[in-house]
**Student:** 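Following this message is one structure expressed as structure tokens.
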Amino acid sequence: MILGIPELDEAHHLLFMRLDTVAAAVEARLLGAAQIAFAEFEEVNEQHFLFEETLFTKAGDHEDERHRATHYETRRIANNLKEALCDKGDFVAAAKILDFLIPDLIIHLHQADASLARALQVSSVSA
């Protein structure tokens with residue numbers, strides 16, 4: 001989904017590329033690759049969330065706390081994935097978590113991030 005804020009669109013593209021890499025490594029049952037891919041996803045995800053949160057003050061009419069709560073929930077799910085992959089090497093648990101995390105991030109993009117982009121556009125502020 002293209003939101004019309006180039007910095008957000010690029011960040012989302014990178015975020016989903018990293019998550020797809022994690023999913024592919026889990027599906028192939030390549031533990032080392034999955035762990036590396038997860039570390040890369042985790043870094044990009046955290047940078048992205050922090051970037052979005054800096055935009056909240058520029059966005060004017062935006063549900064900052066609700067959006068921040070979705071970030072918290074996604075971080076919690078990602079931590080569960082990290083535990084499954086990095087602590088336990090559990091591909092079954094990791095696959096189940098990914099089955100939830102991927103659609104959750106897509107919903108986040110279509111709801112919270114789209115709302116942020118609209119608020120930024122109304123405020124005529126670029127990222």
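None of these values were measured; they are calculated from a predicted model.
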**Student:** To the closest 0.5 Å, what do you measure between CD1 (I2) and CG (L8)?
**Tutor:**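 So the CD1 of I2 and the CG of L8 are separated by 11.0 Å.
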
**Student:** Could you report the tightest heavy-atom contact between D9 and G4, atom names first, then the distance?
**Tutor:**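 That closest heavy-atom pairing would be OD2-N, 3.1 Å.
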
**Student:** Measuring from atom CG of D99 to atom CD1 of I102, what distance do you get when rounded to the nearest 0.5 angstrom?
**Tutor:**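 So the CG of D99 and the CD1 of I102 are separated by 7.0 Å.
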
**Student:** Please assess L3 against Q121 for the test side-chain contact (heavy atoms from CB on, under 4.5 Å), listing each intermediate value before the final yes or no.
**Tutor:** CA-CA 10 Å; L3 299 176; Q121 289 162 344; 5.9 Å; no

**Student:** Can you classify the ring geometry of H67 versus H108 as parallel (below 30°), tilted (30 to 60°) or perpendicular (above 60°)?
**Tutor:**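 Correct class here is perpendicular.
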
**Student:** Return each pair, listed once, that meets salt bridge (Lys or Arg N to Asp or Glu O under 4.0 Å) where at least one residue sits in residues 39-48; pairs must be two or more places apart or across chains.
**Tutor:**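 Pairs touching residues 39-48 that pass the test: E42-K82, E46-R75.
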
**Student:** Does F100 belong to the same Ile/Leu/Val/Met/Phe/Trp/Tyr cluster as L98, with side-chain heavy atoms less than 4.5 Å apart forming each link?
**Tutor:**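 Looking at the clustering, L98 is in the same group as F100.
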
**Student:** About how many Å separate CG of L55 and CG of L120, when rounded to the nearest 0.5 Å?
**Tutor:**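 Between atom CG of L120 and atom CG of L55 there are 5.5 Å.
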
**Student:** Of all heavy-atom pairs between F38 and A78, which one has the smallest distance, and what is that distance?
**Tutor:**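 For F38 versus A78, the nearest heavy atoms are CZ-O, 3.3 Å.
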
**Student:** Kindly write out the residues that satisfy ring-ring contact (aromatic ring centres under 6.0 Å, His included) with H48, not counting sequence neighbours, or none if the list is empty.
**Tutor:**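 Applying ring-ring contact (aromatic ring centres under 6.0 Å, His included) to H48 gives H12.
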
**Student:** Where the side chain of T74 meets the backbone of H71, is there a donor-acceptor pair that is under 3.5 Å apart?
**Tutor:**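 Judged by distance alone, no pair lies under 3.5 Å.
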
**Student:** Donor-acceptor pairs under 3.5 Å, side chain of residues 13-32 to any protein atom, not counting sequence neighbours: which ones?
**Tutor:**
unit_1	atom_1	unit_2	atom_2	d
T21	OG1	M17	O	3.0

**Student:** Only pairs at least two apart or in different chains count here, so list each side chain to side chain donor-acceptor pair (under 3.5 Å) that has a residue in residues 83-97.
**Tutor:**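 Applying side chain to side chain donor-acceptor pair (under 3.5 Å) to every pair that reaches into residues 83-97, excluding sequence neighbours, yields E83-K88.
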
**Student:** Hey, mind stepping through F49 and R68 against side-chain contact (heavy atoms from CB on, under 4.5 Å) and telling me if it holds?
**Tutor:** CA-CA 9 Å; F49 283 171; R68 202 178 312 274; over 6 Å; no

**Student:** E10: which residues meet the salt bridge (Lys or Arg N to Asp or Glu O under 4.0 Å) condition with it, sequence neighbours left out?
**Tutor:**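 For E10, no residue satisfies salt bridge (Lys or Arg N to Asp or Glu O under 4.0 Å) once neighbours in sequence are set aside.
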
**Student:** Within a strict 4.5 Å, meaning less than it, do heavy atoms of the L101 and N80 side chains meet?
**Tutor:**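 They are not in side-chain contact.
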
**Student:** Is there a path from L81 to I106 through hydrophobic residues (I, L, V, M, F, W, Y) whose side chains come within less than 4.5 Å of each other?
**Tutor:**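 Cluster IDs for L81 and I106 match.
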
**Student:** Side chains of E53 and D64, heavy atoms from C-beta outward: is any pair under 4.5 Å?
**Tutor:**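 Side chain of E53 against side chain of D64, heavy atoms only: no contact under 4.5 Å found.
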
**Student:** Is a side-chain donor or acceptor of S123 paired with a backbone partner of A119 at a separation under 3.5 angstrom?
**Tutor:**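 Yes: the side chain of S123 pairs with the backbone of A119.
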
**Student:** Suppose we screen for salt bridge (Lys or Arg N to Asp or Glu O under 4.0 Å). Which residues come up paired with E52, at least two apart in sequence or across chains?
**Tutor:**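 Not a single residue meets the salt bridge (Lys or Arg N to Asp or Glu O under 4.0 Å) criterion with E52.
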
